[in-house]
There are 2 protein chains.
Amino acid sequence: MGRKRLQESADGRPTVHTVAARAGVSIASASRVLNGVGGSPETIRKVREAAAEVGYVPNAIARSLQSQRTGLVALAVEDIGNPVYVEMMRAIESVVAASGRQLLVHATGGRIDNETALLRRLAHRYVDGMIVSPIRVTDDHLAALVDSPVPVVVVGQLPADAPVDNVRTDSRTGVGLAVDHLVAAGRRRIGFVNGPLDTVPGAARDAGFRSALARHGIALDERLVEIGDFRYAAGRAAAERLLARAEPDALVCANDLIAVGALHALLAAGRRVPDEVALVGMDDTELAQMTFPQLSSVSLGSAERGRRAAELLLQRIADASLPPRREQVAPSLAVRASSTTTPLFVPAPAEPAPAPRTPEVTA
Amino acid sequence: MGRKRLQESADGRPTVHTVAARAGVSIASASRVLNGVGGSPETIRKVREAAAEVGYVPNAIARSLQSQRTGLVALAVEDIGNPVYVEMMRAIESVVAASGRQLLVHATGGRIDNETALLRRLAHRYVDGMIVSPIRVTDDHLAALVDSPVPVVVVGQLPADAPVDNVRTDSRTGVGLAVDHLVAAGRRRIGFVNGPLDTVPGAARDAGFRSALARHGIALDERLVEIGDFRYAAGRAAAERLLARAEPDALVCANDLIAVGALHALLAAGRRVPDEVALVGMDDTELAQMTFPQLSSVSLGSAERGRRAAELLLQRIADASLPPRREQVAPSLAVRASSTTTPLFVPAPAEPAPAPRTPEVTA
DNA sequence: TGCTCTGCTGTAAACGTTTCCGGGAGTCTG
DNA sequence: CAGACTCCCGGAAACGTTTACAGCAGAGCA
């Protein structure tokens, strides 16, 4: 009985003790063989055999306690249904996997307490580090970030003096690119469908929109500005409200999900896109190329930001004494059919029938 | 020196020893107070103060080693960019969160070795259990599932005798629903855009399509069947190939991403949807309602499957001795504008203009 | 043959926590 | 006032692993 307790774990699974006893060696030797370091040929054989016989699988928790590392990295984002995070995640994944670690994703649902709780719980050593992309940042939250027990990298805006590794973009300028493009195309009644103003990206985009209009000397008609959240349904509803009271000749949307919502609001209202209303989204996700007509969109370099964040994180894991760093990714505009009267979209050659140059969305 | 080593962790962070020493109590008392069990008012005060002063945060790894549980549950899916998994994930998340645990998501990218490696690594006790939705199942894989060290629930088809908790749907029948619907609407040249046949869902859908046509006495024209993978781009390309050589009056697609790809292939080729070609997707994700026209789609109850899988998992975590269980969720068809000549799609009331009762999809 | 050096091996300590158990102080009851 | 009972406390043993250290056998060399 006593021997049994010593040799297998509480739930009856074999431990290194079980293997060692069965192989007739000490646990030290067993551990060494299992880790592929040292051991005579004979010992190696015996331990390997014993391990296979009992179906030994190491307990990663115990190993982590000893080695002080788990080999796991976490990514916390607000809405995993937003393709921008999918792209970011893929970029992070490839960097993290290359370092022999695994990536875990956690969706916070935008509930800030959730996110803070995550930091307080998950970061208590379950992971070697984490990447967070918060859309709201409170003082509390910031405090949790600053004295996190594990390295943290933030993707997104942060107060200038926050001593936290940070990869950001300039979405203010990004919105400006969209407005510049539309103004250059002759649009003047430019509307804006945004997410909540109490979020960091929402506020930045709002500021960007206003300053861009001012720069062009266009007076802002408040009826052309509408707010929902950052998802499809709210974007569509917001666009519908906007269309019910104003006649824009262009719409800038705070992200691609909103833009798709706006596109459908426009189509349902019988507006032709881009002829009557031009449309520009933001984030330039794969979704932008999945609409018809395809969506012009401001790229905020989400994959690039993800890649850089992952690299910063790995560096910090390797050397905790690094000073806090900050990197910036410049926005750029991808012009597609939704905002050009001579669309760039070329239908794939399908039938011998003369492919129409103008998309048929509203045919 | 020796005292220091005893009181704080290797990287200099406070441990329960630090707190205990500072409060002048034993580590047992400190631990009890920290866990909110027992302790005199005076002890509680001292420990709380000491903990706050040194900024103590418990090491979850050490706690897990002792308690044999981590409070984490993992979900492994192939492609996190597929909205069907997003819906499943949301459903799982809410069940898991209600039990006080956290959900971690891992994208396997469909690489089967990756998935097996995940089981072998992550499941080595980093999580209390995991939900896996594999699209390919090899013997190796199955073996790893069966003797996983932690409870596993599989979402998807599995060999009948596999002793693993399993939540499945009947996508064969699901495809049948789509075909029935199209046949009833008078369509006869029904095409099919599928994913790879060496995947479990791909094979099931293929079988479902063939048997449904046979049931209706329609001879299958192989030129109307095309295969890509389960994502948008491949779906679009596959649909383009199909359209280049055949003239379907309807298309069934193996999932919604493929369907959106097919929709754009159709629009780009100048086909009117649904007038000339009706379209039915599969999974009934939110994406189906984000297209224009909105997409008819066969629901495979992904949220329901996720919910049930989470419940099975929690039950098994609570009682490992339960016999393997198997649950099934019935498919159903959501009919929308993409497959009905008198579309169900009603534009949201936007302008005072008399809202047309017949939607403008094809106006 | 005697010495050093090399290469394995086993003992035991650590990682940071929870928890069993025994002891001591205080309170209530008879 | 004695005894039983309650409550709180501290020591120490777990949880399963890695690893520093010391011992020991054998090989090579003088």
Side-chain angles (χ1 to χ4, degrees), chain A residues 1-21 23-47 51 54 56-71 121 124-126 149-150, chain B residues 1-21 23-47 51 54 56-71 124-126 128 149-150:
Chain A
M1 185 53 154
R3 295 185 51 183
K4 268 202 154 170
R5 300 284 308 263
L6 273 178
Q7 286 183 16
E8 51 183 45
S9 74
D11 55 358
R13 296 196 67 87
T15 74
V16 72
H17 290 91
T18 323
V19 175
V25 302
S26 71
I27 58 163
S29 292
S31 173
R32 277 188 286 257
V33 170
L34 263 7
N35 286 7
V37 26
S40 72
E42 173 64 3
T43 306
I44 292 181
R45 187 190 58 75
K46 286 189 297 186
V47 172
V54 300
Y56 171 74
V57 16
N59 182 322
I61 295 277
R63 188 204 303 263
S64 293
L65 179 58
Q66 163 70 27
S67 66
Q68 304 279 22
R69 18 170 294 126
T70 65
R121 286 186 57 183
H124 292 359
R125 307 314 187 75
Y126 272 134
V150 303
Chain B
M1 184 55 152
R3 293 187 52 186
K4 265 199 155 172
R5 298 285 307 263
L6 274 178
Q7 286 183 16
E8 53 183 43
S9 75
D11 55 357
R13 297 196 65 87
T15 73
V16 70
H17 291 90
T18 325
V19 175
V25 302
S26 73
I27 59 163
S29 293
S31 173
R32 277 188 287 256
V33 170
L34 262 6
N35 286 7
V37 26
S40 70
E42 174 64 3
T43 306
I44 293 179
R45 188 190 57 76
K46 286 190 297 188
V47 171
V54 299
Y56 171 74
V57 15
N59 182 321
I61 294 278
R63 187 204 304 262
S64 293
L65 179 58
Q66 162 70 29
S67 66
Q68 305 279 23
R69 20 171 293 128
T70 65
H124 292 359
R125 309 313 187 77
Y126 272 133
D128 291 342
V150 303

Would you mind writing out the side-chain donor-acceptor pairs for residues 27-39 of chain A within the sub-3.5 Å range, not counting sequence neighbours?
from: S29(A); atom 1: OG; to: S26(A); atom 2: OG; distance (Å): 3.4

Could you check how far [atom1] of [X] sits from [atom2] of [N], rounded to whole Å?
{"X": "H17(A)", "N": "dA14(D)", "atom1": "NE2", "atom2": "C1'", "answer": "11 Å"}
{"X": "N59(A)", "N": "dC15(C)", "atom1": "CG", "atom2": "P", "answer": "18 Å"}
{"X": "R69(A)", "N": "dT18(D)", "atom1": "CZ", "atom2": "P", "answer": "13 Å"}
{"X": "E42(A)", "N": "dT9(C)", "atom1": "CD", "atom2": "C1'", "answer": "14 Å"}

Is the shortest heavy-atom distance from the side chain of T18(A) to the side chain of Y56(A) under 4.5 Å? no

Would you say the side chain of N59(B) lies within less than 4.5 Å of the side chain of T15(B), judging by non-hydrogen atoms? no

How long is the gap from CZ on R69(A) to CZ on R63(A), to the nearest 0.5 Å?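 R69(A) atom CZ to R63(A) atom CZ measures 10.5 Å (nearest 0.5 Å).
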
For the atom pair CD1 (I61(B)) and CG (L65(A)), what is the distance rounded to the nearest 0.5 Å? 7.5 Å

How close do P149(A) and V57(B) get, counting heavy atoms only, and between which atoms? CG-CG2, 4.0 Å

Kindly state which residues belonging to residues 31-41 of chain B come within less than 4.0 angstrom of DNA chain D, counting heavy atoms of the residue only, listed by number.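 Here the set is R32(B), G39(B), S40(B).
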
Between S67(B) and S26(B), just flag the one whose closest nucleotide in DNA chain D comes earlier from the 5' side.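 It is S26(B), whose closest nucleotide lies nearer the 5' terminus.
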
Residue Q66(A), side-chain atoms from C-beta onward, closest of dG10(C), dG16(C), dC15(C): dC15(C)

What's the closest nucleotide to the side chain of A28(A) if the choices are dT17(D), dG10(C), dT17(C)?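 The nucleotide sitting nearest to the side chain is dG10(C).
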
Can you work out whether S29(B) or L65(B) has the more 5'-proximal nearest nucleotide on DNA chain C?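 Residue closer to the 5' terminus by nearest nucleotide: L65(B).
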
Is the distance from OP1 or OP2 of dG16(C) to the nearest side-chain N or O of T15(B) less than 4.0 Å? no

Taking only side-chain N and O atoms of Q68(B), does any of them lie within less than 4.0 angstrom of OP1 or OP2 on dG16(D)? yes

Base, sugar-phosphate, or nothing for I27(A), non-hydrogen atoms under 4.0 angstrom? base

Let me test you: for the helix from dT1(C)-dA30(D) to dG30(C)-dC1(D), what is the angle between the axes at its two ends (five pairs each), rounded to 10 degrees?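 Inter-axis angle at the termini of the helix from dT1(C)-dA30(D) to dG30(C)-dC1(D): 50°.
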
Flag for S64(B)-Y126(B): side-chain donor and acceptor within less than 3.5 Å: no

